[in-house]
Amino acid sequence: MSSIPRLPDELTVAHVAGIIAASMVVIRLLCPAVITYIMAGQLKDTETASTWTLASASLVSSIWPTLLRTDSARSGGGVRTTIMVACKAIPLLGLMCAIAGVVTPLGLGEEPTALAPRTATFEYVKDDSVYRLGTSPRGKHPLSRLCNGEHLGGSAVVGPCPYSNTEVVYVDNPDRSGFRVELPNGYNTSVPQEPREIFSSGISGSTVSSFFDIEWRQVTRQTSPSFNITELAVGMFRPLDTLTLQDQYRLVEGLIIDAKAGGIGFRNHTVPVALGRGATWEEDILFIEPSTACVNTNLTLDFEMISKSDKISNTVGDLVLTDRGGFSQLNTTLPTLESVDGQTDPDLQQRAYTAAWLNNAVTMLYLNVTNEKNKPVKGMKSFSYLDSAPGKTFPMPVAAYSRERYEGLRLSTEFGNYLRLGAEAPSLSRGALNYSNPFNISKADFTDIPSICAGTTYRDRANISNIYVACGLLRGAPERVDGGDPMLFEKGSKWSSPLYTCASSLRATIKTVHFSVNGTGIAGLNVLRVAPKTYAADGSDAPLWGLEDWGLRLDQFSPIWGLVSPEMAKKPNVTSVRKPHFNLIGTSIEAGLPSLLNLEDTQSDNLAGASFAQTVMNTVFKVVAEASDADTWGVWPTDLKGLGNLSMFRRWQALSQDSALVPQIINLMWTNIAASAVVGTRGVLGEVNSGINPAGPIPVRPIGNRITYDVRYGIPAALLLSWLGVIVVAAVCCSTCCGGGRTGFAELRRRIQQVSVGRVFTTFLHPEESTLTMSAKQWAQENGKRPIMVDAFASNASKLYTGSATLAIRAVEFLNRRAI
Ligand SMILES: *[C@@H]1O[C@H](CO)[C@@H](O)[C@H](O)[C@H]1NC(C)=O
Ligand SMILES: *[C@@H]1O[C@H](CO)[C@@H](O)[C@H](O)[C@H]1NC(C)=O
Ligand SMILES: *[C@@H]1O[C@H](CO)[C@@H](O)[C@H](O)[C@H]1NC(C)=O
Ligand SMILES: *[C@@H]1O[C@H](CO)[C@@H](O)[C@H](O)[C@H]1NC(C)=O
Ligand SMILES: *[C@@H]1O[C@H](CO)[C@@H](O)[C@H](O)[C@H]1NC(C)=O
Ligand SMILES: *[C@@H]1O[C@H](CO)[C@@H](O)[C@H](O)[C@H]1NC(C)=O
Ligand SMILES: *[C@@H]1O[C@H](CO)[C@@H](O)[C@H](O)[C@H]1NC(C)=O
Ligand SMILES: *[C@@H]1O[C@H](CO)[C@@H](O)[C@H](O)[C@H]1NC(C)=O
């Protein structure tokens with residue numbers, strides 16, 4: 001039943017070294033003590049003179065004189081000060097040496113450190129999460145592209161894609177009532193080599209992905225009758241996981257997900273192999289990230305929870321729109337949007353402010369808080385009266401339980417939606433509100449706000465300055481205002497949701513990602529840091545972004561973009577811009593339903609880079625917001641609203657209260673959906689399908705160990721060193737200046753002989769044959785073997801000399817004399 005003694009876990013090598021040193025000190029003290037103890041037992045009163053000399057040296061230098069307080073350990077009167085100091089210093093130094101020997105190694109430590117860079121071989125590393133399980137195998141589905149054209153100035157019809165050899169013939173009906181599209185050679189959906197070369201010319205030999213390395217995560221095949229195609233690879237979508245709650249970087253198959261600020265980086269994950277303790281390195285990675293600005297409308301939607309039995313048709317009671325300055329302190333100047341080039345400045349803040357202003361102003365007219373120009377009286381100025389004050393509330397109609405839930409967050413492209421204009425069957429409280437609406441405001445008065453804010457619509461040309469912007473009204477997650485538990489929707493609890501308008505754009509950018517690998521699998525691969533790549537102040541070394549510009553409209557095709565080399569940028573129909581970021585072009589204002597991600601529909605083709613980011617953002621603004629809340633627990637993506645998930649609700653609630661953090665909500669929603677939608681197929685090894693164009697050698701820094709030292713543990717050793725210095729200086733001084741040759745070696749030898757016990761005895765017992773100055777060899781030959789009896793008194797054992805008392809006195813006198 002004996003348990004093996006174990007060292008405590010926190011022992012380090014340094015501690016063990018200290019313990020060993022301490023043991024050595026103990027052994028060093030103990031062994032001589034034991035040996036001299038045994039030796040003292042072996043000594044007899046009568047021994048030869050040499051034996052006495054030798055034994056005395058060991059006995060006196062052992063620890064016993066100190067322990068037993070014998071003569072040599074006593075420092076009572078009569079000892080000269082210099083001799084006493086010297087004699088005391090020696091054991092003190094010994095003690096310091098022992099302490100320093102034990103303490104000094106305790107300061108030793110080691111820490112991992114990155115060693116000098118070297119090149120390494122990289123190897124694909126598989127993701128174990130649903131993100132890989134939900135990824136179609138690569139290389140089976142070629143990229144495909146469908147485009148529209150135009151005939152007779154009508155809306156978009158089937159047309160050839162740029163660089164493609166597809167021939168489209170429009171045959172007008174004889175009665176000019178319409179036309180028919182003919183594809184004599186079929187429709188070529190492949191992406192030709194020329195655009196591939198042009199739009200990946202800027203990345204050669206780097207780890208940055210090109211446009212063509214962005215692919216739909218899930219790919220399927222379908223027919224496309226209008227394009228006369230029987231089978232075509234197309235992207236499809238299925239949500240895989242919820243990342244919004246993780247405030248971190250996450251690596252999944254094909255992507256680096258920035259769940260801190262929002263954004264995804266494209267990378268087929270590889271790690272350097274055969275590096276025992278891991279390594280760190282950095283890579284430049286193409287990221288696509290949302291950029292959002294939000295403006296507080298300074299209106300809140302306040303409500304009270306009612307109990308379930310009261311919820312026959314209403315979800316909440318006492319719903320009011322509260323003026324928090326949004327009406328009463330509205331700047332009466334109509335904001336203007338400068339038409340700056342979208343690549344220079346997307347100007348999201350001003351767009352969001354304009355949307356907020358219009359939203360508030362139209363709402364004010366509906367509520368008769370103020371008046372329109374020339375109304376109600378001709379010649380009357382707008383904002384002639386202002387019938388509101390901070391804190392004034394306006395009762396609002398409550399949506400039916402099956403239509404909208406107020407406990408979560410809501411994002412919508414429908415401004416003024418809290419008025420529920422043109423809504424379905426009016427809910428119970430609606431009749432009671434009965435606003436007079438003197439300026440005949442209808443839902444249509446709000447519908448222009450998104451396009452005013454976005455600027456670009458589907459009828460605009462797909463050129464480099466028509467950037468993608470989406471605008472919407474965000475009702476933040478409600479905050480409890482009656483002081484109760486902020487997580488519990490108890491009956492009678494009072495809540496307030498802020499209303500913001502937000503404008504989002506999308507941009508491609510290059511970031512430097514610092515990786516470390518430690519351990520195996522994707523779990524061992526970590527992102528330490530993601531930093532925007534820095535460029536010279538004049539931007540001359542910023543990346544050159546190119547865009548396919550064929551004079552087509554945004555509803556006709558989604559152009560290819562990418563990093564281009566300066567030579568390729570000069571090719572016809574390529575426009576380019578040298579900027580750290582490239583704002584993606586496109587529109588959130590589409591004719592019919594914009595292209596969205598959902599579970600039923602597939603994408604129309606397989607060219608993710610051209611449209612995925614815009615499609616995901618449209619999905620955030622439209623589907624996330626406008627899907628009926630009745631489906632909350634059944635259908636995607638309602639958990640993004642924080643209705644069915646309290647953790648999500650908490651995160652949105654925290655972000656909703658701070659204007660500076662609100663944009664993050666949209667950025668994270670986008671990231672969440674985008675991560676399920678696409679993958680990056682390029683890694684260090686090159687393009688996944690062909691392995692061509694691999695990245696150049698990447699210097700990695702293997703992890704090694706560095707020895708550290710905590711200087712506090714060096715104090716005893718430092719003291720010892722300084723004392724050594726003092727002693728050396730003293731020795732040099734003594735041998736040169738003070739006292740001249742008195743410290744010479746001859747003098748030293750003489751002194752040793754004077755205190756050699758055997759010699760002292762023989763010199764006093766046989767003064768005729770022994771002296772204190774004769775050489776050691778001579779003394780040993782002539783006197784060493786003489787037996788000396790040391791009892792109460794010393795005596796010549798053979799002669800049994802009786803005048804021992806006299807001898808002792810003589811000895812003392814003699815020694816005193818010689819010593820002076
Ligand atoms: C469809 O394509 C085939 C060739 O693949 C062609 O023969 C046929 O005429 C096309 N049909 C139409 C309606 O264009
Ligand atoms: C709401 O108030 C904030 C802070 O005072 C202001 O910046 C913002 O422009 C206001 N919103 C509107 C729509 O006036
Ligand atoms: C109102 O807005 C205009 C421009 O939109 C600005 O010049 C003016 O300073 C603003 N007034 C106040 C009181 O903020
Ligand atoms: C609108 O408000 C103004 C100012 O308060 C008031 O004179 C007018 O009668 C109101 N109009 C209606 C239709 O209520
Ligand atoms: C209000 O607008 C609707 C259409 O927006 C129109 O049919 C109606 O006549 C208008 N009513 C008044 C009183 O102007
Ligand atoms: C490697 O991982 C282990 C366990 O996760 C950790 O203790 C260690 O500090 C890591 N090493 C480096 C160099 O990051
Ligand atoms: C460039 O685009 C125009 C249409 O804007 C087209 O007519 C022309 O053929 C294209 N140039 C080349 C070299 O393909
Ligand atoms: C990454 O590369 C590996 C090996 O080349 C390949 O099997 C895998 O399908 C690639 N993954 C993606 C998302 O491209």
Side-chain angles (χ1 to χ4, degrees), residues 131 134-136 138 141-147 191 199-200 209-220 232-240 243 252-258 262-268 285-291 458 462 467-470 504-509 545 547-548 554-555 557-562 582-588 590 593-599 601-624 636-637 666-682 688:
Y131 283 93
T135 304
S136 304
R138 298 295 115 185
H141 306 285
L143 297 182
S144 67
R145 189 179 197 194
L146 302 181
C147 302
V191 179
F199 294 102
S200 51
S209 292
S210 78
F211 174 92
F212 303 98
D213 301 318
I214 302 171
E215 294 185 9
W216 291 106
R217 192 176 281 279
Q218 300 193 338
V219 191
T220 184
L232 165 80
V234 293
M236 63 173 184
F237 175 75
R238 201 171 159 196
L240 299 178
L243 299 153
V252 301
E253 179 73 7
L255 292 182
I256 299 163
I257 301 169
D258 179 354
I264 52 174
F266 299 91
R267 181 178 192 264
N268 185 334
I285 299 286
L286 177 78
F287 270 76
I288 292 186
E289 57 183 18
S291 168
Y458 71 101
I467 62 162
Y468 176 91
V469 178
S504 298
S505 67
L506 295 158
R507 63 193 194 187
T509 184
W545 305 90
L547 180 83
E548 195 185 34
L554 285 165
D555 62 342
F557 88 135
S558 299
I560 297 172
W561 52 269
F582 175 69
N583 290 302
L584 300 186
I585 73 155
T587 178
S588 58
E590 305 200 20
L593 257 187
S595 50
L596 300 174
L597 294 174
N598 59 48
L599 302 180
D601 305 323
T602 53
Q603 298 299 304
S604 58
D605 58 13
N606 187 24
L607 197 65
S611 61
F612 93 89
Q614 298 89 332
T615 305
V616 170
M617 193 58 99
N618 286 342
T619 308
V620 168
F621 274 87
K622 298 248 182 196
V623 177
V624 172
W636 176 83
I666 293 174
N667 294 348
L668 291 176
M669 282 183 170
W670 182 90
T671 305
N672 208 12
I673 300 175
S676 293
V678 286
V679 287
T681 59
R682 184 181 165 81
V688 58

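One-based numbering along the sequence shown. These figures come from a predicted structure and were not determined experimentally.
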- prompt: Can you list the steps and then say if F266 with V678 is a side-chain contact (heavy atoms from CB on, under 4.5 Å)?
  reply: CA-CA 9 Å; F266 299 91; V678 286; 4.0 Å; yes
message: Let me confirm one number: the CD1-OG1 distance from I288 to T671, rounded to the nearest 0.5 Å.
response: 11.5 Å
- prompt: So, do F612 and I264 sit near enough that their side-chain heavy atoms are less than 4.5 Å apart?
  reply: yes
query: Any side-chain heavy-atom pair from L506 and W670 closer than 4.5 angstrom?
result: yes
By side chain to side chain donor-acceptor pair (under 3.5 Å) - contacts of S210 (at least two apart): D213
- prompt: At their closest point, which heavy atom of A508 faces which heavy atom of L286, and how far apart are they?
  reply: CB-CD1, 4.4 Å
- line: Residue set satisfying side chain to side chain donor-acceptor pair (under 3.5 Å) with T135, at least two apart, ordered chain then number -> R217
field: Within-4.5 Å side-chain heavy-atom neighbours: L607 and S558
entry: no
- prompt: side-chain contact (heavy atoms from CB on, under 4.5 Å) with S604: which residues, sequence neighbours excluded?
  reply: none
query: Does a side-chain heavy-atom distance below 4.5 Å link E289 with D258?
result: no
field: Partner residues of F211 under the ring-ring contact (aromatic ring centres under 6.0 Å, His included) criterion, sequence neighbours left out
entry: W561
statement: Tightest non-hydrogen contact, residues V469 and S505, listed as CG2-CB, 4.5 Å
task: Specify the closest pair of heavy atoms between P559 and A610, including all atoms of both residues, with the distance to one decimal.
output: O-CB, 3.9 Å
message: Do L547 and F582 have side chains that approach each other closer than 4.5 Å (heavy atoms only, starting at C-beta)?
response: yes
statement: In terms of heavy-atom contacts, A677 and V616 come closest through CB-CG2, 4.4 Å
- request: Please identify each residue that fulfils side chain to side chain donor-acceptor pair (under 3.5 Å) with Y468, with sequence neighbours left out.
  value: N618
Min side-chain heavy-atom separation P290-M617 under 4.5 Å: yes
- request: Determine yes or no for a side-chain-to-main-chain donor-acceptor pair under 3.5 angstrom, with S136 supplying the side chain and V219 the backbone.
  value: yes
field: Distance (rounded to the nearest 0.5 Å) between S200 OG and I560 CD1
entry: 10.0 Å
query: Who are the side-chain contact (heavy atoms from CB on, under 4.5 Å) partners of D555, not counting sequence neighbours?
result: A156, Y458, R459, R553
message: Quick check: closest heavy atoms across V620 and I666, and the distance to 0.1 Å?
response: CG1-CG2, 4.4 Å
task: Could you list the residues that satisfy side chain to side chain donor-acceptor pair (under 3.5 Å) with E253, not counting sequence neighbours?
output: Y124
query: Going from CD on Q218 to CG on L240, what distance comes out if it is rounded to the nearest 0.5 angstrom?
result: 6.0 Å
- prompt: To the nearest 0.5 Å, how far apart are CD1 in I285 and CZ in R682?
  reply: 9.5 Å
field: Test ring-ring contact (aromatic ring centres under 6.0 Å, His included) applied to W216 - qualifying residues, sequence neighbours left out
entry: none
message: Taking D605's backbone N and O only, do any of them form a donor-acceptor pair with S144's side chain (distance below 3.5 Å, no angle check)?
response: no
task: Check A233 against P142 and note the closest heavy-atom contact, atom names and distance.
output: CB-O, 3.6 Å
task: Under the salt bridge (charged side-chain N to carboxylate O under 4.0 Å, His left out) rule, collect the residues that match up with E548, sequence neighbours excluded.
output: R145
- prompt: Quick one: OG1 on T509 to CG on N583, what's the gap to the nearest 0.5 Å?
  reply: 10.0 Å
field: Inter-residue atom distance R138.CZ - T681.OG1, 0.5 Å rounding
entry: 7.5 Å
